[in-house]
Number of protein chains: 2
Amino acid sequence: MNKPTVHSPEAAALLKLDNQLCFPLYAASRMFTKAYQPLLQELDLTYPQYLVLLLLWEHGERTVKQLGEELLLDSGTLTPLLKRMEQRQWLTRRRDLRDERSVIIGLTESGQQLRERACAVPAALLEKLDMPEAEFNQLRTQLKHLLTLLA
Amino acid sequence: MNKPTVHSPEAAALLKLDNQLCFPLYAASRMFTKAYQPLLQELDLTYPQYLVLLLLWEHGERTVKQLGEELLLDSGTLTPLLKRMEQRQWLTRRRDLRDERSVIIGLTESGQQLRERACAVPAALLEKLDMPEAEFNQLRTQLKHLLTLLA
DNA sequence: TTCGATTTGATTGTGCGCAATTAAATTTCA
DNA sequence: TGAAATTTAATTGCGCACAATCAAATCGAA
């Protein structure tokens with residue numbers, strides 16, 4: 001089996017945007033976030049901030065480390081993001097008394113209440129997408145599998 | 001048909017990260033870019049810069065507008081990115097003499113030559129992924145379809 | 001117990017990504 | 001033709017995203 005080279009037709013084909021997996025992934029991810037934007041703007045949230053709230057609504061308090069593991073984001077991204085959310089009084093940041101290295105993120109009253117306004121967001125996006133449920137579920141499953149290959 | 005509310009089980013389920021399509025898309029996109037990173041670093045390229053070069057290698061000269069349409073990026077992203085690539089002498093920027101509003105992006109000699117080193121990148125990523133070709137192709141097709149729904 | 005290794009977050013610096021605005025060139029059409 | 005509308009980039013400002021580094025707390029083995 002010969003390896004493709006720059007001179008081989010295979011290598012040239014692989015260098016075309018149209019044959020790649022990563023580009024539609026990259027573009028669709030940005031377009032999806034853009035589809036969220038008008039809905040999230042009403043809540044004064046960005047998409048990554050919304051993701052943090054999803055986890056807090058679902059699980060209650062989380063350490064920065066846990067949020068990072070679940071969202072695949074590091075402290076260089078999360079620390080300033082969480083500080084902005086703290087300033088807006090949606091969440092609180094405090095050191096774990098049993099292990100002062102950890103910072104525990106919790107919801108404020110406003111943060112809890114935001115959930116009621118956010119509950120309309122996923123359904124609105126589903127409607128925007130207008131994708132058959134079977135296709136949606138299959139794509140979600142495949143993306144989760146891809147993620148296990150990459151993470 | 002009742003609309004889901006925050007109190008309904010459906011709405012609560014939709015607010016879980018695990019049931020969403022956008023999050024695995026968002027996470028997989030970032031992890032994919034991270035998988036490219038060590039390979040692109042050898043070429044002194046970021047992933048979006050690599051995308052620009054893919055188009056220039058494939059099509060030759062492109063205006064900023066064309067690059068923006070093909071990559072779904074706007075001038076606020078492309079202009080500084082292209083200026084950095086110009087500084088590194090991979091491409092040239094010049095006004096279209098027939099329409100001074102347009103800026104034409106072309107490859108330098110170094111930019112052309114970079115193609116030979118980049119041709120190994122897609123195959124290396126495929127190997128890293130180690131995904132059956134059928135699954136790869138199906139996922140790519142579905143993501144392209146998703147992109148048409150979103151773009 | 002103590003000191004080296006590990007864990008955890010914070011900080012710094014660079015590069016996107018995008019909304020909003022501006023400015024210049026071109027096109028349109030009255 | 002000439003003013004208004006449109007097109008195209010550039011600029012500005014803000015928020016991620018992440019590599020690299022640092023500092024503090026904790027853990028663990030000798």
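Because the structure is a prediction, the values reported are computed rather than measured. Proteins come first, then strands; the chains are lettered A, B, ... in the order of their sequence lines, and each starts at number 1.
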Whether [X] contacts [N] is assessed here as follows: a side-chain N or O lying under 4.0 Å from the phosphate OP1 or OP2. Is that the case?
X	N	result
A/Arg93	C/dA10	yes
A/Thr79	C/dG9	no
A/Thr46	D/dC16	yes
A/Gln66	C/dT8	no
A/Gln49	D/dC16	yes

Taking the side chain of [X] as its heavy atoms from C-beta onward, which of [options] lies nearest to it?
X	options	result
A/Arg101	C/dT7, C/dC18, D/dT8	C/dT7
A/Lys65	C/dT8, C/dC18, C/dA25	C/dT8
B/Val103	C/dT8, D/dA17, D/dA9	D/dA9
B/Lys83	D/dT11, C/dG17, C/dC18	D/dT11

**Request:** Would you kindly check if the NZ (Lys) or CZ (Arg) of B/Arg30 is within the cone defined by 45 degrees around the ring axis of B/Tyr26 and under 6.0 Å from the six-membered ring centre?
**Result:** yes

Touch check for [X], heavy atoms < 4.0 angstrom, all strands: base, sugar-phosphate only, or nothing?
X	result
B/Ser102	sugar-phosphate
B/Leu78	nothing
B/Thr63	sugar-phosphate

I need the [atom1]-[atom2] distance between [X] and [N], as an integer number of Å.
X	N	atom1	atom2	result
A/Tyr26	D/dC16	OH	P	17 Å
B/Asp74	C/dT22	CG	P	17 Å
A/Glu100	C/dA10	CD	P	12 Å
B/Arg95	C/dA23	CZ	P	15 Å
B/Leu45	C/dG15	CG	P	12 Å
B/Leu97	D/dT8	CG	P	17 Å
B/Arg84	D/dA10	CZ	C1'	14 Å
B/Gln37	D/dA19	CD	C1'	8 Å

**Request:** Report yes or no: do B/His59 and B/Glu70 form a side-chain donor-acceptor pair below 3.5 Å?
**Result:** no

**Request:** Starting at CZ of A/Phe23, measure out to CG of B/Leu147 and round the result to the nearest 0.5 Å.
**Result:** 6.5 Å

**Request:** Find the distance between CD (B/Gln20) and NZ (A/Lys144) and round it off to the nearest 0.5 Å.
**Result:** 10.0 Å

**Message:** Is it true that, when you exclude A/Gln89 itself, more than 12 heavy atoms of the residues, nucleotides or ligands shown sit nearer than 6.0 Å to its CD?
**Reply:** no

